[in-house]
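I have placed the structure first, in the form of structure tokens, so that the comments after it can refer back to it.
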Amino acid sequence: MLIRELIAQSVITAIRAAQAEGALPAFEVPPVNVEHPRDPRLGHYATNIALHLARAAKLPPPRIAEIIARFVDHPAFTAEAVNGFVNFRFTPAFLASQVAHILEQGERWGDLDLGKGRKAQVEHGSANPTGYATLGTGRNVVIGDTLANTLEAAGYEVHREWYVNDAGSQVRVFGESVFARYAQALGRDEPMPERGYLGEDVAEVGRTIAEREGERFLHMPREEAVRAVGQIGIELVMARIRQTMTRLNVRYDNFFSEKSLWTSGLGYELIERLRAKGLVVEHEGALWFTEDGSPIRKGQAQKRSDEEYAEANAEAPSGPLPVQAVLIRSPAVIPNPEERPTYFASDIPYLWHKVVIRGFNPAIYVWGEDHQGDVPRLYAAARALGISEEAVRIVIYRFITLMRGSEEVRMGKRKGNALLIDDVLDEIGTDAFRYIMLSRSVDTKFSFDIALLREQNEKNPVYYIQYGHARICSIEAKAQEEQWALDPSAPLRYDHPAELALIAKLLELPEVVHLVATSLQPHHYTTYAREVAQAFSKFYEECRIKGAPPDQAFARLQLARATRITLAKTLRLMGMSAPERM
RNA sequence: GCCCCUAUAGCUCAACGGAUAGAGCGUCGGCCUCCGGAGCCGAAGAUCGCAGUUCGAGUCUGCGUAGGGGCACCA
């Protein structure tokens, strides 16, 4: 149980006891909100319950708070009424016992039992295999991987998956681009396709194929050659992406092929199932999904400019319209059968495969903000398939604005000017990269200045956190080497404010894991890790270990160890290393 | 036109409806006989605007302003 839940319970018990003795009138006890006071001098926790009870109890809040504080009875903390709040302070004995608890938990410290062994999936990365992994994908995978780590710590059995968009017309355009580069590498005068992929990565893939395979594809029918070269291209790109992910300390259990959803027949099977429910209809030669079975609205099937939307919707009622989207394109428009299912059409069997076939609950999607419009569609698909909406959780993160000095650089894979993860890692390394990606909340857009990379790297707070960890390792080693006088027989005791503040900070770890696991907002770790490192620095500054009386030296060394465990765990959750020296 | 997201210190970001809005970087000023100074202490500096709900609003609601994304037989 989290400590805040413990406190909430003792408050409820206190209120009931007060009611039983007639100190408070009878009323239904509302949920008790327990939080950290902003000012740590007020205590470790506080509740505002008295402010909420004023009406029900027909008493002024400060009076209620006093009564509750008087009836709170728990060995771990004391209660005090201030300003209508009830503030709680851990007893030094309890804090000392928690240091022992952390040491005993070791690597399991911070773990929760939220998942109760249920299977959860985090699908992240999933960029089109039409080029090497870019900065945008970097934000995606760092968020996804950290969430996966978190759910694991929270007691879920976690599956990590990359969805390979190996179907659709982009793959063909990519294949043609690779083929052109391949032919060019062999000295042929082959033009790049229209809207082809102009990046150096695609050129490199073309050259690699030329080196490995020679001219054999030049002697095949072109259509066949493009397909074969495109397939090899995807494999080469995915191989490189896997390398990049390894470098980023992001691992996957599976790479799931979009194409397989159609070659297995699952996609068509589900379309028939939905058709039977009247949710799939034919319209102008294409197959459409219509959330409520209503007829397809006019003019749905074209892209429009902002002005055209404005005009088309001038008379439309306010609020979102029922979801309608093409699943299978009309043969009259798209002749190639492989390109007929749309991206959304694949989402339906993919969701089914995740939740119904593989039993993931929740299935978490990490999507860039360009997919924000797909959210209602995915939920509509879930409802149509009879899948609980709670099983589907979607994290939308904002894009990165790439700056060079004060100038914004528009990135594009197709244009070939996208910044690759590998290039950034060459400059700043995995830990700093992950820290930067994690330090902003997912729905905050942030700018990434390549001109300042080096400078930002040196000042990256991750080093401060790791420094704290390394410093503790060094102290522990020195204590052993120099045989400091330590007395492990005395009970642990702490009374210095810096010691007590540090312990209280360490005790927040399970709460932070809980917060990240439920909010799916991994940036909270960066703040927390920094606070722990800061509390340790202060402790280090003010409380000498070496040379203290043997019982106190031992207690402080144990506290340093508990800090090391907490820092290491937090770094590990964020996918960063916890170095023993720097 | 409709939908989603964002606006907090000079810059980059925190803050689960609570008490004096916190950090980092930058600026200014202190601190190394001592377990690692990648540190510690201090100063200046902020909630886009107008209403509303609430005992209490950076946080919720409405309107406005500014920015990003979406509204495809693209992926």
Side-chain angles (χ1 to χ4, degrees), chain A residues 4 33-39 42 46 48 51-52 54-55 60-61 82-85 87 128 130 165 167-171 258 284-288 300-304 306-321 325-330 332-334 339-340 342-344 346 368-376 396 398-399 401 436 439-441 443-447 449 455-456 458-461 463-464 466-468 470-471 474-475 478-479 482 484 511 515 518-519 523-524 526-527 530-531 534 537-538 540-542 544-547 553 556-557 560 581-582:
Chain A
R4 66 188 336 150
N33 180 31
V34 178
E35 65 200 1
H36 295 279
R38 266 194 185 145
D39 185 344
L42 292 169
N48 55 11
L51 296 159
H52 286 291
R55 196 161 299 166
V82 181
N83 273 344
F85 290 84
N87 297 338
N128 291 347
T130 53
N165 302 117
S169 65
Q170 288 314 300
V171 172
E258 178 184 3
E284 293 175 352
L287 278 189
W288 288 71
Q300 278 275 78
Q302 330 142 17
K303 180 172 172 61
R304 280 163 281 185
D306 286 359
E307 294 72 32
E308 286 164 336
Y309 280 119
E311 201 181 323
N313 286 338
E315 311 278 304
S318 175
L321 297 163
V326 170
L327 298 174
I328 307 291
R329 301 179 179 100
S330 160
V333 179
I334 305 284
E339 293 177 11
R340 264 186 224 137
T342 59
Y343 177 87
F344 173 58
S346 297
E369 61 179 325
D370 56 335
H371 282 82
Q372 159 257 110
D374 298 338
V375 173
I396 299 284
R398 293 284 302 267
F399 283 149
T401 317
I436 291 170
S439 59
R440 282 96 166 147
S441 108
D443 43 27
T444 304
K445 153 199 101 115
F446 75 91
S447 25
D449 192 332
E455 196 186 324
Q456 282 179 349
E458 283 160 18
K459 292 166 185 157
N460 196 306
Y463 300 119
Y464 175 67
Q466 292 179 322
Y467 177 75
R471 201 189 224 174
S474 160
I475 293 169
K478 199 150 279 185
E482 298 177 358
W484 295 355
E511 266 169 42
L515 178 61
T518 51
S519 70
H523 71 275
H524 291 111
T526 59
T527 312
R530 193 161 214 305
E531 286 169 357
Q534 215 153 31
S537 280
K538 191 147 197 172
Y540 177 84
E541 209 56 42
E542 297 184 19
R544 302 269 313 162
I545 301 170
K546 186 181 180 178
R556 287 180 171 174
L557 195 57
R581 67 183 72 80
M582 296 172 69

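Chain naming here is simple, since letters A, B, ... match the order of the sequence lines and numbering starts at 1 in each.
For the OP1/OP2 pair of B/rC13 and a distance below 4.0 Å, the side-chain nitrogens and oxygens of A/R530 include no atom meeting the criterion. The phosphate of B/rC40 (OP1 or OP2) has a side-chain N or O of A/Y464 nearer than 4.0 angstrom. The side chain of A/R304 places no N or O atom within less than 4.0 Å of a non-bridging phosphate oxygen (OP1 or OP2) of B/rG1. At the phosphate of B/rG24, neither OP1 nor OP2 sits under 4.0 Å from any side-chain N or O atom of A/T527. For the pair A/K459 and B/rG26, the criterion of a side-chain N or O lying under 4.0 Å from OP1 or OP2 is met. Within the structure, every side-chain polar atom (N or O) of A/S474 is placed at least 4.0 Å from both OP1 and OP2 of B/rC35. Taking only side-chain nitrogens and oxygens, A/H524 comes nearer than 4.0 Å to OP1 or OP2 of B/rA15.
Taking all atoms of both residues into account, the shortest heavy-atom contact from A/R440 to A/S447 is NH2-O, 4.4 Å.
With sequence neighbours left out, A/D374 forms a side-chain hydrogen bond (donor to acceptor under 3.5 Å, both in side chains) with A/R377. The salt bridge (Lys or Arg N to Asp or Glu O under 4.0 Å) search around A/E531 returns A/K505, not counting sequence neighbours. By the side chain to side chain contact (heavy atoms under 4.5 Å, CB included) test, A/H52 is found to be paired with A/N48, residues two or more places apart in sequence or in another chain being considered. Partners of A/D443 by side-chain hydrogen bond (donor to acceptor under 3.5 Å, both in side chains), not counting sequence neighbours, listed by chain and number: A/S441. Scored by the ring-ring contact (aromatic ring centres under 6.0 Å, His included) test, A/W288 finds A/H283 as partners (sequence neighbours excluded).
Because its glycosidic torsion is more than 90° from 0, B/rC71 is reported here as anti.
For a distance-only test at 3.5 Å, the side chain of A/N87 qualifies as a donor-acceptor partner of the base of B/rA19. Side-chain atoms of A/N128 and base atoms of B/rC74 include no donor and acceptor less than 3.5 Å apart.
Applying the 5.5 angstrom centroid cut-off and the 30 degree plane-angle cut-off, the aromatic ring of A/Y309 is not stacked upon the base of B/rC2.
Atom OH of A/Y540 is separated from atom C1' of B/rC32 by 11 Å (rounded to the nearest Å). Atom CD in A/E458 sits roughly 15 Å away from atom C1' in B/rG26 (whole-Å rounding).
Comparing A/E482 and A/I334 against RNA chain B, the residue whose closest nucleotide sits nearer the 5' end is A/E482. Between A/G285 and A/H52, the residue anchored closer to the 5' end of RNA chain B is A/H52, taking for each the nucleotide with the nearest heavy atom.
A/Q170 and A/T130 form no side-chain donor-acceptor contact under 3.5 Å, judged by distance and modelled atom types alone.
Between B/rG18, B/rG37, B/rC73, one nucleotide has an atom nearer to the side chain of A/Y467 than all others, and that is B/rG37. Out of B/rA75, B/rC5, B/rA15, the shortest distance to the side chain of A/R38 is found at B/rA15.
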A correct dot-bracket answer for RNA chain B, with pairs being Watson-Crick or G-U at under 3.5 Å, [ ] for crossing pairs and | for inter-strand pairs, is (((((((..((((....[...)))).(((((.......)))))....(((((..]....))))))))))))....
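Among the protein residues, A/N48 comes within range of the nucleic acid bases, having at least one heavy atom under 4.0 Å from a base atom. In this structure, A/Q372 reaches the bases: a heavy-atom distance under 4.0 Å links it to at least one base atom across the strands shown. When heavy atoms are screened at a 4.0 angstrom cut-off, A/R440 is found touching the sugar-phosphate backbone but no base atom.
Between A/R4 and A/E511 there is a salt bridge, since a side-chain N of the basic residue sits under 4.0 Å from a carboxylate O of the acidic one.
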